[in-house]
Protein chains: 2
Amino acid sequence: MSKSAIEGRQRVIEAAAAMLASHGLRGISIREVIKFANAPLGSTYHNFPNGKQQIVTEAVQWAGEQASAQLQACLAQDKENGIQLFLQQWRKRLTKSEFRHGCPIVAAAIEASEEEDAEPVKQAVSTVFAHWQQLLTTHLISLGHAASYAQSLAVAVIACIEGAVVLCRGQQNIAPFDAIIECIPAMLAAKQA
Amino acid sequence: MSKSAIEGRQRVIEAAAAMLASHGLRGISIREVIKFANAPLGSTYHNFPNGKQQIVTEAVQWAGEQASAQLQACLAQDKENGIQLFLQQWRKRLTKSEFRHGCPIVAAAIEASEEEDAEPVKQAVSTVFAHWQQLLTTHLISLGHAASYAQSLAVAVIACIEGAVVLCRGQQNIAPFDAIIECIPAMLAAKQA
DNA sequence: GCTATCTTATTACAGCTGTTATAACAACAA
DNA sequence: TTGTTGTTATAACAGCTGTAATAAGATAGC
């Protein structure tokens with residue numbers, strides 16, 4: 001496989017992830033993704049033998065890893081306020097895109113749930129969510145929380161963030177995100193269930 | 001307009017809301033909704049001159065009112081534990097549908113955001129979210145929270161719930177919902193920001 | 001019963017979708 | 001150079017979509 005072909009393949013995945021975040025799973029077509037990525041349509045099924053399902057699956061995995069890396073960087077940079085750091089970064093991203101850019105994993109989770117031949121997509125979504133939870137749980141334990149409560153807390157924080165992103169998009173307003181930035185510390189302050 | 005026609009119109013709206021919750025905005029077609037509602041296809045543009053956009057808009061409004069009524073009933077029934085009551089009802093609904101049934105408003109919010117001619121849908125989504133927030137805010141104030149913090153808290157609780165629903169669907173597991181049921185009280189316990 | 005209005009069945013359209021087949025092209029090994 | 005392989009352009013497919021027009025049917029008011 002030539003070098004430019006590899007780059008083209010990766011461009012398709014990243015384009016799919018970006019368009020997934022703004023248009024949703026069924027809002028994107030192979031033709032549009034390919035055009036956005038400046039990649040050739042003719043070689044789509046050469047690079048992705050399983051078609052759209054495979055493109056979406058790899059886009060979810062890639063976007064999930066990107067977010068994980070970003071979260072990990074925040075937590076490593078400031079152990080006490082790493083979560084707040086992460087929240088601020090997402091806040092900026094939301095406002096800069098004028099609430100057009102959501103979470104691609106959420107989009108895939110919602111739109112792939114009742115589709116046939118979407119098992120790989122659902123599997124990727126589940127894995128990404130699980131990885132985020134594990135990252136946060138570990139961090140919360142290192143902050144002194146009890147293991148079992150840390151697990152619940154991690155899930156609750158992720159739910160809060162994802163929900164707030166949806167609310168911001170729905171209301172075209174950053175207020176929901178500021179609300180969770182204000183309220184999440186109260187959850188984190190409670191040391192036990 | 002005949003009585004059966006009115007009933008048919010309403011059935012279409014409710015079918016659209018139900019299918020929106022499971023299949024998403026672009027996962028449903030007029031033909032399928034009509035079939036599910038046992039309504040005639042020929043009269044679709046008689047009942048909904050603006051086509052699919054109007055059906056979805058009215059479905060969002062109807063589903064929003066249903067949820068509002070349910071929330072209000074819970075809060076009225078038990079002032080102290082009304083929110084927990086509401087959470088338990090949603091928990092049951094999720095498990096009974098085996099995580100197929102999500103929130104139709106969230107689906108509309110995500111999938112209508114970058115579509116043309118979807119302003120009415122987006123407007124309906126925004127109104128529904130705002131109404132929920134207002135209901136919860138009023139309740140939290142009556143529980144003794146400061147007005148401004150009550151507002152943030154209301155948004156955070158809604159975000160938590162919506163996010164947890166998405167996580168449950170993504171992981172095919174009720175654990176995320178149990179996690180927020182466990183963690184939300186900590187947020188509510190903090191009387192001030 | 002007759003008329004006017006409300007309602008619906010049927011058919012058709014044009015556009016987009018994922019996918020596939022075919023053939024032309026490039027790059028590289030012998 | 002020859003041949004083989006990796007890559008792509010082009011075109012076509014069958015299926016679905018929202019939408020529209022037409023004409024037939026049902027219903028209510030007189």
Side-chain angles (χ1 to χ4, degrees), chain A residues 1-13 15-17 19-20 22-60 107-108 111-112 114-122, chain B residues 1-13 15-17 19-20 22-60 107-108 111-112 114-122:
Chain A
M1 189 147 61
S2 77
K3 186 183 168 194
S4 72
I6 292 180
E7 288 171 355
R9 213 192 106 98
Q10 182 59 25
R11 269 207 316 276
V12 169
I13 293 173
M19 298 179 75
L20 207 53
S22 54
H23 292 71
L25 172 54
R26 274 182 266 241
I28 62 177
S29 69
I30 292 184
R31 286 170 176 84
E32 280 178 353
V33 170
I34 251 63
K35 190 193 295 182
F36 188 80
N38 252 326
L41 171 62
S43 60
T44 302
Y45 284 81
H46 217 288
N47 289 324
F48 306 94
N50 286 76
K52 184 177 183 178
Q53 171 224 104
Q54 184 176 357
I55 296 178
V56 171
T57 301
E58 298 198 26
V60 166
E111 300 188 63
E114 287 293 299
E115 220 165 355
E116 19 181 277
D117 297 335
E119 256 93 323
V121 176
K122 289 192 271 185
Chain B
M1 191 146 63
S2 77
K3 187 183 166 194
S4 71
I6 293 182
E7 286 171 355
R9 212 191 106 100
Q10 181 60 23
R11 269 205 318 275
V12 169
I13 293 173
M19 297 179 75
L20 207 52
S22 54
H23 294 71
L25 173 52
R26 274 182 267 239
I28 63 176
S29 70
I30 292 185
R31 286 172 175 82
E32 280 179 352
V33 171
I34 252 60
K35 190 193 294 182
F36 188 80
N38 253 324
L41 171 62
S43 60
T44 302
Y45 285 80
H46 216 9
N47 288 325
F48 307 95
N50 285 76
K52 183 176 184 179
Q53 171 224 106
Q54 184 176 358
I55 296 178
V56 171
T57 302
E58 297 197 27
V60 166
E111 300 188 63
E114 287 291 300
E115 219 166 359
E116 16 183 277
D117 298 335
E119 256 92 324
V121 176
K122 290 192 269 184

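What's counted below: heavy atoms across the whole structure, side chains too, no hydrogens, waters or symmetry copies. Per chain, numbering begins at 1; letters A, B, ... match sequence-line order.
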Seminar exercise, completed: note: Y45(B), atom OH; dT19(D), atom P; distance rounded to Å ~ 3 Å

Exercise. Looking at NE2 of H23(B) and CD of E114(A), how far apart are the two atoms once the value is rounded to the nearest 0.5 Å?
Worked result: 5.0 Å

Problem set entry | 5′-ward residue of the pair H46(A)/G51(B) relative to DNA chain D | H46(A)

Exercise. I34(B) has an atom CD1; how far is it from atom P of dG18(D), in whole Å?
Worked result: 10 Å

Which protein N or O atoms sit under 3.5 Å from an N or O of nucleotides 12-15 of chain C?
{"residue": "dA12(C)", "atom": "N6", "partner": "R31(B)", "partner atom": "NH2", "Å": "3.4"}

Exercise. Once you round it to whole Å, what is the distance between C1' of dA20(D) and NZ of K52(B)?
Worked result: 17 Å

Exercise. Which nucleotide in the set dT19(D), dT17(C), dT8(D) lies at the smallest distance from any side-chain heavy atom of P40(A)?
Worked result: dT8(D)

Exercise. L20(A) versus V60(A): any side-chain heavy-atom pair under 4.5 Å?
Worked result: yes

Problem set entry | Short side-chain N/O contact from S29(A) to OP1 or OP2 of dC16(C), under 4.0 Å | no

For this session: Answer with base, sugar-phosphate or nothing: what part of the nucleic acid does I28(A) contact at a heavy-atom distance below 4.0 Å?
Result: sugar-phosphate

Exercise. With a 4.5 Å limit on heavy-atom distance, are the side chains of E115(B) and L25(B) in contact?
Worked result: yes

For this session: Have a look at S43(B) and say if it touches a base, only the backbone sugar-phosphate, or nothing, with a 4.0 Å heavy-atom cut-off.
Result: base

For this session: Assess whether side chain to side chain contact (heavy atoms under 4.5 Å, CB included) is satisfied between I30(A) and F48(A), documenting all intermediate values.
Result: CA-CA 11 Å; I30(A) 292 184; F48(A) 306 94; over 6 Å; no

Exercise. Distance-only, no hydrogens or angles: does the S43(B) side chain make a donor-acceptor pair with backbone N or O of H46(B) under 3.5 Å?
Worked result: no

For this session: Enumerate the residue pairs fulfilling salt bridge (Lys or Arg N to Asp or Glu O under 4.0 Å) with a member in residues 42-60 of chain B, sequence neighbours excluded, ordered by first and then second residue.
Result: R9(B)-E58(B)

Exercise. What distance separates T44(A) OG1 from I55(A) CD1, expressed to the nearest 0.5 Å?
Worked result: 6.0 Å

Protein and nucleotides 21-24 of chain C: nitrogen or oxygen contacts under 3.5 angstrom:
none

For this session: Spell out, as yes or no, whether a donor-acceptor pair under 3.5 Å connects the side chain of R11(A) to the backbone of N38(A).
Result: yes

